[in-house]
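A quick write-up on the structure given underneath.
Residue numbering restarts at 1 for every chain, and letters A, B, ... go by the order of the sequence lines. In what follows, every heavy atom counts, from backbone to side chain, and hydrogens, waters and symmetry copies are set aside.
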2 protein chains.
Amino acid sequence: MDIDKILDKIYPIRTLSKLKLIECFKEVRHPKNHVIIHSDKVEKDVYFIKKGIARTFSDFLDGEVTIAFGEEGDTIISLKSYILNQSGYENIELLEDCELYKISVAKLQDLFSTDIHIANWGRKFAEQELIKAEQRFISNQLGTATERYLELLKKHPTLLQRVSLGLIASYLGITQVSLSRIRANIK
Amino acid sequence: MDIDKILDKIYPIRTLSKLKLIECFKEVRHPKNHVIIHSDKVEKDVYFIKKGIARTFSDFLDGEVTIAFGEEGDTIISLKSYILNQSGYENIELLEDCELYKISVAKLQDLFSTDIHIANWGRKFAEQELIKAEQRFISNQLGTATERYLELLKKHPTLLQRVSLGLIASYLGITQVSLSRIRANIK
DNA sequence: AGAAAAATTTAACAAATGATAAAAAACGAT
DNA sequence: ATCGTTTTTTATCATTTGTTAAATTTTTCT
């Protein structure tokens, strides 16, 4: 998905401002398994996925929590770096070879403070992410793990072909073994 | 908490724009148990809590999911109405008699499109909510219900005095009876 | 193709949570 | 203050999920 379409999907910007914004992106590639965002660093850049898939996760004493999966058009971003200029709680790793669009947080903030159309695009960007985050919370609060698994499959039908079972389990808040058992019971 | 402080806590706005924004708020009161946001309606207004406490929840076939509690300074908002102009999934009820600041979504959007400082305030508002939503997701994914309960208490020490056990349980994703049992085991 | 590594399944038992019901305690309206 | 309502606790049993370990399947690398 090219950058023009990605930006428009979030919120259409008038042409002049959009060109100003697009011109600040740089295309980069990274291989599968590359960890592109680190929880212990203040990350200087934000990425949009042109091609590939990524996983956001937090590390804890007793393992990992997968927070989200990102596919084409989605963002690779350390929220705490982007919003608070602090090191965060998220790591992000690429689950496939990826083509990404990259822009610096500083450049974005500069544009936000000088161009009202870009500022409103940035507002819409945060708002869309907010809706997604709230829906993730509700879904994972609801029903049994079986129901949550089925709903995830319905919402992201291709995910299972692209992502290992253990990662999906950690997204659902259960163990990999439990998810395997659940799948056995569905068939 | 008065509106000036509430706005500044989200993001300091330059004085002239802040006055423009504050002037659009109206103070209203509603009694305990009033349902101020309905999931089946496109809500026209957004509220900030001057005094009191509120609960955001979704209704489902097999009961309710509490999404968040809001205290002084927090927002009472239908995200889907605010962001997408659609009816949503959230209901919000007041758990105490409340004093609120109210502004229309339309007026806010008008200000966003004409005043870059207010647009950036709106961006920061969404961003702060996004951080909170992500942290809620992570917390509720992590550890046992006991740990999540203790963490909630640590983060919102007064909540237990203000909110019934059943509501806290539905926030933690467990039943009220389970939470009662958990509390018995802690002591 | 074949060996090594990684991912998934299966199984058995333990621990946590759900469901239901009844008792006790706290709260509210008159 | 007291009666009626709501909330919380306690108890029992069923279900779900966790833990561990081993077997099986799939993937990766040469």
Side-chain angles (χ1 to χ4, degrees), chain A residues 31-35 52-53 55 57 60-66 69 93-97 138-153 156 158-187, chain B residues 31-35 52-53 55 57-66 69 93-97 137 139-153 156 158-187:
Chain A
K32 178 171 177 170
N33 294 326
H34 177 61
V35 176
I53 189 166
R55 176 178 79 105
F57 63 100
F60 290 98
L61 304 161
D62 49 350
E64 291 178 353
V65 172
T66 293
F69 296 103
E93 65 172 359
L94 307 182
L95 301 178
E96 299 174 352
D97 293 347
I138 294 173
S139 297
N140 275 42
Q141 211 66 342
L142 210 60
T144 66
T146 305
E147 292 165 336
R148 301 202 302 274
Y149 172 70
L150 291 174
E151 192 181 338
L152 179 65
L153 275 199
H156 296 278
T158 66
L159 201 64
L160 200 59
Q161 282 91 58
R162 302 175 84 178
V163 171
S164 83
L165 213 56
L167 300 185
I168 290 178
S170 110
Y171 177 77
L172 294 173
I174 58 177
T175 63
Q176 181 269 324
V177 176
S178 288
L179 180 52
S180 185
R181 173 169 44 196
I182 284 168
R183 278 152 52 94
N185 289 334
I186 287 171
K187 289 167 203 164
Chain B
K32 177 170 177 170
N33 294 327
H34 177 61
V35 177
I53 190 166
R55 175 178 79 105
F57 64 99
S58 265
D59 264 322
F60 290 97
L61 304 160
D62 49 352
E64 290 178 353
V65 172
T66 292
F69 296 103
E93 66 172 359
L94 306 182
L95 301 177
E96 298 174 352
D97 293 347
F137 182 88
S139 297
N140 274 42
Q141 211 65 342
L142 211 59
T144 66
T146 304
E147 292 165 336
R148 301 201 303 273
Y149 172 70
L150 291 174
E151 191 181 339
L152 180 65
L153 276 199
H156 296 279
T158 66
L159 201 65
L160 200 59
Q161 282 91 59
R162 301 175 85 177
V163 170
S164 82
L165 213 56
L167 301 186
I168 290 178
S170 110
Y171 177 77
L172 294 173
I174 57 177
T175 63
Q176 180 270 323
V177 176
S178 287
L179 180 53
S180 185
R181 173 170 42 194
I182 282 169
R183 277 153 52 93
N185 289 334
I186 287 171
K187 289 166 203 163

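- DNA chain D is contacted by B:Ser164, B:Leu165, B:Gly166 of residues 161-169 of chain B, taking any non-hydrogen atom closer than 4.0 Å.
- When rounded to the nearest whole Å, the span between CG of B:Leu172 and P of C:dA16 equals 16 Å.
- Rounded to an integer number of Å, the gap from B:Leu179 CG to C:dT17 P is 10 Å.
- Between the side chain of A:Gln176 and the main chain of A:Leu167, no donor-acceptor pair closer than 3.5 Å is present.
- Between A:Thr144 and D:dT16 there is no side-chain polar atom (N or O) within less than 4.0 angstrom of OP1 or OP2.
- Minimum atom distance to the side chain of B:Gln176 is reached by D:dT9, of the listed C:dT17, D:dG18, D:dT9.
- At D:dT9, one or more side-chain N or O atoms of B:Arg183 fall inside 4.0 Å of OP1 or OP2 (strictly under the cut-off).
- A distance of 9.0 Å separates CZ in A:Arg162 from CG in A:Leu95, rounded to the nearest 0.5 Å.
- OP1 or OP2 of C:dT9 lies within a sub-4.0 Å distance of a side-chain N or O belonging to A:Ser180.
- The side chain of B:Ala184 has D:dT10 as its nearest neighbour among C:dG28, C:dT9, D:dT10.
- Judged by distance alone, the side chain of B:Asp97 and the main-chain N or O of B:Lys32 form a donor-acceptor pair under 3.5 Å.
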Handout entry: Audit row: B:Ile174, B:Tyr149, side-chain contact (heavy atoms from CB on, under 4.5 Å) steps and yes/no
Key = CA-CA 10 Å; B:Ile174 57 177; B:Tyr149 172 70; over 6 Å; no

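- Here the nucleotide nearest the side chain of A:Val177, chosen from D:dT8, D:dT17, C:dT10, is C:dT10.
- Remark: C1' of C:dG18 and CG of A:Leu142 are 15 Å apart, rounded to the nearest angstrom.
- Taking side-chain N and O atoms only, B:Thr175 has no distance below 4.0 Å to OP1 or OP2 of C:dT17.
- Counting to the nearest Å, the C1' atom of D:dA21 and the CZ atom of A:Arg181 are 14 Å from each other.
- For the pair A:Ile182 CD1 and D:dG18 C1', the computed distance is 12 Å after rounding to whole Å.
- Separating the CD1 atom of A:Ile174 from the C1' atom of C:dA16 is a distance of 15 Å, rounded to the nearest angstrom.
- No donor-acceptor pair under 3.5 Å is formed between the side chain of B:Thr146 and the backbone N or O of B:Ile182.
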Handout entry: Audit row: B:Arg55, B:Tyr171, side chain to side chain donor-acceptor pair (under 3.5 Å) steps and yes/no
Key = CA-CA 10 Å; B:Arg55 175 178 79 105; B:Tyr171 177 77; over 6 Å; no

Exercise for the section: Apply side-chain contact (heavy atoms from CB on, under 4.5 Å) to the pair B:Arg183 and B:Ile168, showing each step before the final yes or no. Expected result: CA-CA 12 Å; B:Arg183 277 153 52 93; B:Ile168 290 178; over 6 Å; no

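- Atom pair B:Ile186:CD1 and C:dA16:P shows a separation of 13 Å (rounding to whole Å applied).
- Between B:Leu160 atom CG and D:dT8 atom C1' the separation is 11 Å, expressed in whole Å.
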